[in-house]
Amino acid sequence: MSRDHAIALAVQTLDSGRFATALARRVAYVTESEEPDAAAAALRAYLDEEMRPTLAGLGFTVLDIANPIDPRLPAIIAERIEDPSLPTVLLYGHGDVVRGHASQWRDGLAPYTLTDEGDRWYGRGTADNKGQHSVNLAALEAVLQAREGRLGFNVRVLLEMGEEAGSPGLREICQTHRDALAADLFIASDGPRVAAERPTLFLGSRGAINFTLTLQRRERGYHAGNWGGALANPAIEMAHAIASLVDANGRLAVAGLRPDSLPEAVRAALRDVPLGGGANDPAVDAHWGEPGLTPIERVIGWNDLEVLAMTAGTPGRPVGAIPGSATAWCQMRLVVGTDVNDVPHRVRAHLDAHGFSHVALEVGMRAPATRLDPTSPWVSWAMDAMAQALGQPITLLPNLGGSLPNDIFANDLGLPTLWVPHSYGACGQHAADEHMLKPVAREGLAMMAGLFWALGDTGDTVRQAHLRHAASSAHSPSQA
Ligand SMILES: [Zn+2]
């Protein structure tokens, strides 16, 4: 009974072919949540035929959860309680996928057939997220076997089938089943590593908010020769409104929407993290963004406002007229410390103060930022357990640059959140030729077995240290 034995058992599931067999079965379910009617049977069957028997075999009690917002996107909550006094971890995954787009895949590949080629497994969901939660369940099984049927901690599992449709109902499910999801720690795997060869731990995600700026001057355009010079041009006014929000070097100019500072723990973690560098990555513009920060600090540790699209008149077929209106579709990404609900008021006040009261602001989707405090004892504990399992250092990413529904776990459920991605940037997630790298899956199995082993060994001590740390910190336990 040893940690090394547990890790060896986990890796053996890959070497023996068992992991690929299970993954092939799982990939074959056409669980496209963006097509909930066509996929309804598969969405149900993935849970009933794959997840339920797997979890029951590990000693879990499995509950079907009706989705209160969209009943076509079911979920399950499973629990395995050894002793209520032990620490409890909540694991999360999603069994739905984006559309297959079969015609875009390279010859010889098909989204719903697992294809084994070199060091890759191709198939829709291999990276996002079937392959990733399969790694975690296989590692859990290995630790259970190595510990002879006793983990030394309790486990709860939440699997949803609607993540790619924006997780409708997930928040309501978490609120309704708060007791069934109660835990000391949250661990999940989704998204990419910072690079394929760099095992990564991330602690949350940037938040996001979409908003549209519209300037409607007139119902239609007017001849530029007859009226130009006497009519305000909405395209020019919109350009100035945008320029007031972000300066010519990409620096956010809205008071209160720039973070106060970059936390030292975030700066320290990012010192060694690369940005881009892949074959298909663009060259970074060193002059762009907040002065005094490195490019990776600007992406991971700062707030950013982008114009995603803009229009006035008839682009592609310009006519000699002053356009009647102009529209810009904007998006802001933000870090912990900036309240996403504050953004519309700040932008509105800024526009008004700069003479753009006539620019209308309409807010779309929004998601708050989350980040477990990098100085939480859970973070160093996880980094150590993962590094020991692999015999190599782990990259700490304080949060993803992109966005995840992590606020539901971090804020609604109040959990410290650890994310261990088993994928990488070029995995074809949400595109053609999606794949999982076997070496990354192998390391994932080892790291997760190491984490689960450590949870049984030292979970209770770290849980208490985290609570003391959170109480002594001025911040909330789930945020830095
Ligand atoms: Zn996805």
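This one's a predicted model, so the numbers in the text were calculated from it and none came from an experiment. Below, all heavy atoms of this structure are taken into account, side chains as well, without hydrogens, waters or symmetry copies. Whatever order the structure lists them in is the order used to number ligands and atoms, beginning at 1.
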If you take all heavy atoms of Arg206 and Arg298, which pair is closest and at what distance?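 Closest approach of Arg206 to Arg298, heavy atoms only: NH1-O, 3.7 Å.
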
What closest approach, in Å, do Asn341 and Arg366 show between heavy atoms, and which atom pair accounts for it?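 Shortest heavy-atom separation between Asn341 and Arg366 comes out as OD1-NH1, 2.8 Å.
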
Can you name the N, O or S atom of Glu164 that is closest to the Zn ion (ligand 1)? OE2

Using 2.8 Å as a strict upper limit, say whether an N, O or S atom of His94 approaches the Zn ion (ligand 1) that closely.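 No, His94 does not qualify, because none of its backbone or side-chain N, O or S atoms lies under 2.8 Å.
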
With a cut-off of 2.8 Å, does Asp128 put an N/O/S atom close enough to the Zn ion (ligand 1)? yes

With Met386, which of Thr200, Leu418, Leu451 fulfils side chain to side chain contact (heavy atoms under 4.5 Å, CB included)?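 That would be Leu451; it is the only one of Thr200, Leu418, Leu451 passing the side chain to side chain contact (heavy atoms under 4.5 Å, CB included) with Met386.
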
Any Lys/Arg nitrogen of Arg124 or Glu434 sitting under 4.0 Å from an Asp/Glu carboxylate oxygen of the other? yes

